[in-house]
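All residue numbers refer to positions in the sequence shown, counting from 1. Quick note: numbers below take in every heavy atom, side chains included, and nothing from hydrogens, waters or symmetry partners. None of the values given here were measured: they were computed from a predicted structure.
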Amino acid sequence: MAEISFRELIDPRRLQHLQNEFCKVTGVAAVCLDSENQVVTEPYVDKTWKRLDGEDPISTEYRRKAAQALDRVQAGSLEEQVVEELPDGGHVAAVAVSVENNTILYWQVYDLKKIDTISFYQILDLLRDTSVDIYRDRMSCFSAEAESRRSRSAEEEMSRNLHTIEATTEIVQLLDSDEQIELAMNKWLKILSEHICVDTADIFQLHSDTDTMNVVCEWRAPGQISYFDKINGVEVYSFLYAEKPLVVSTDSLGNAGSKEIEEIGMKAVMIFPILKQESGNMVLSLNHRTQGHVWSMAEIKFTADAVKILQSILTRRIQKNSLAGSYAALEEILDNVGCAIYVTDQTTGRMLFANQILKNTFAKELLDHNFDALLQSSVRKEKTKSVSVVYHAEKETWYDLLCKEIAWVDGKKANLYSLYDITDKKLYQRRIEQQAYTDFLTGLYNRMCCERDLARQIDQAKKTGGEGALLYLDLDDFKHINDGLGHQYGDVLLKSISHALKRINGIENTCYRMGGDEFALLTIGAMSPEEAHRKVELICKTVAAPYHVAGSLLTIGTSCGFALYPEEGTDTDKITRLADQRMYKHKQKNHALQDHG
């Protein structure tokens, strides 16, 4: 998906309201600028800050300092936040808000109430985190809406293809009809006209020796009346003499050659020659009369294919091998529908047909005679749904599978399976899910993912008798490091600790950042309380290793607690609460040791 700007996602009026509420609660004034340095919101100024002389409560000096801070943040250095303390005890700050290394907006913040420095830093952190949350929430909604539109479009395309296949099958079956040719042609015209949704349709027999024609067949949509008061000796329109297909859409009316079409009240017309004969040509006319219409390539192609079949009906009626002709015609059409097609006898299960796309895609399965099992397995798994999903493990591709009962060309009851490649859609859904369950700063899984995985592991333990443990971690005195060195260096430390945790054997893929400086780990397998304590000691030792941050070596302590399942509970809330309580006790113990030391 193309990069979306903050302005495209967030209504400036809504952002102004959120900013004003934030400023009321925190006691600061703020201005938002987009990534192009354009002002998005106006500064909120509390009534109590207004000066008696009517001058701007945000002084020139404050604005000058804030502008300098913004220049430093935008200079492209490591500084994502610059804070300046003014002589009168107030503060100004510039904050860059980034998501996945892309700056989405800037904030200029003014402290006119002389807030203490630590509280001011906390306000800035809250402002940054809130901005990121708003952006991610809107981005998630935007992505979901886009995916929904793509999904609806894909479903509509599948539905159109399925209807085309059904209509094509009905038309091909006419090749074997023993009915009078006029009845077969009327059925053919009805199927074609209803499928492409025209107002009227006609087949004309032109006379080579006069400027007249006969109406061989006609079809009218409900509410439409016949255009002709007789069927024989009707005056010929000159555009019907076209030797090649003629396609005239509403947007091409007014061009040379369309005047006659407009004069008779047609909004859009398709003319297809059917048979050339010495006595006169046979011609198909498809018409839109009431509303304008632009013919699609699908409509033109389907009509062209249908005309070929009608030509076969007219020219092969006396041939004995009509069934072979039917099959060949259907094979040619189904090989060009754009999806994999597989037809089986409903009674015996024997394969009746597979188009070229299916043969190329599932060549190995067809050769090993296990393709039917693959289909039936997918249908059974999702038998309550109209669309099933087939997963090709070796190629790592997914397909939507639709099954339709049809009558085959020889009249046998058959199952027609159509498979549409949805691999791109599935991969996109995986990326969206990964974003939803991943902490953007550290790359670890997030709290939502931890809660989901813990619930799954506990359910699995109940069913199989398995065991496991949840471990909670909290960094000791991380706030002092964050406040002392700055937010960006605190982030560097969190990333380093996350990488260290992922290197611990047994928990490489079950590390989670719960938020702030809190982490969680899931272990699978039996573990005694003594083993859990040893695991806690290993984790604390791992985290306590020195880290290179801001040109210095830093060390940090860790408080950790654990809970065993199902031994100590089979409820996620209880296990989480127990691990959190033990972590808190460990933190109290660490503080007591520091105070005693």
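Heavy atoms from other residues, nucleotides or ligands lying under 6.0 Å from CG of Asp211 number 12 at most. Within a 6.0 Å sphere centred on CZ of Arg160, heavy atoms belonging to other residues, nucleotides or ligands number more than 12. The neighbour count for Glu42 CD, taken as heavy atoms of other residues, nucleotides or ligands under 6.0 Å away, does not exceed 12. Other residues, nucleotides and ligands place more than 12 heavy atoms under 6.0 Å from the CZ atom of Phe272. Crowding of Glu263 atom CD: a count of heavy atoms from other residues, nucleotides or ligands under 6.0 Å exceeding 12. Counting heavy atoms of neighbouring residues, nucleotides and ligands inside a 6.0 Å radius, atom NZ of Lys404 does not exceed 12 of them.
When each of Glu182, Glu179, Glu194 is tested with Lys187 by the rule salt bridge (Lys or Arg N to Asp or Glu O under 4.0 Å), just one qualifies, namely Glu179. Among the candidates Val216, Asn281, Leu314, the single residue satisfying the side-chain contact (heavy atoms from CB on, under 4.5 Å) test with Ile274 is Leu314. Checking each of Tyr437, Tyr512, Tyr445 against Asp453 for a side-chain hydrogen bond (donor to acceptor under 3.5 Å, both in side chains) leaves exactly one that passes, namely Tyr512.
With sequence neighbours excluded, the residues that form a side-chain hydrogen bond (donor to acceptor under 3.5 Å, both in side chains) with Asp305 are Lys301. Partners of Glu365 by side-chain hydrogen bond (donor to acceptor under 3.5 Å, both in side chains), not counting sequence neighbours, listed by chain and number: His392.
Judged purely by atom type and a 3.5 angstrom limit, Lys395 uses its side chain to pair as donor or acceptor with the backbone of Thr361. Proximity of a side-chain donor or acceptor of Asn214 to a complementary backbone N or O of Leu206 within less than 3.5 Å is not detected. Remark: side-chain polar atoms of Glu218 are not paired, donor with acceptor, to backbone N or O of Ser226 under 3.5 angstrom. With hydrogens and angles ignored, the 3.5 Å screen pairs a side-chain donor or acceptor of Trp188 with a backbone N or O of Ala306. Side-chain atoms of Asn355 come within 3.5 Å of backbone atoms of Cys339 as a donor-acceptor pair (strictly under, hydrogens ignored).
Between Phe228 and Phe204, the ring planes are perpendicular. Angles over 60° get that label, and only those under 30° would be called parallel.
Centroid-to-centroid, the aromatic rings of Tyr342 and Phe371 come within less than 6.0 Å.
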Result block: side-chain N/O donor-acceptor pairs under 3.5 angstrom for residues 286-295, not counting sequence neighbours:
from   : atom 1 : to     : atom 2 : distance (Å)
Asn287 : OD1    : Ser285 : OG     : 2.7
Asn287 : ND2    : Thr200 : O      : 3.4
Asn287 : ND2    : Thr200 : OG1    : 2.9
Asn287 : ND2    : Asp202 : OD2    : 3.4
Arg289 : NH1    : Ile225 : O      : 3.4
Thr290 : OG1    : Asp199 : OD2    : 3.2
His293 : NE2    : Glu299 : OE1    : 3.0
His293 : NE2    : Glu299 : OE2    : 3.4
Trp295 : NE1    : Val248 : O      : 3.2
Trp295 : NE1    : Val269 : O      : 3.4

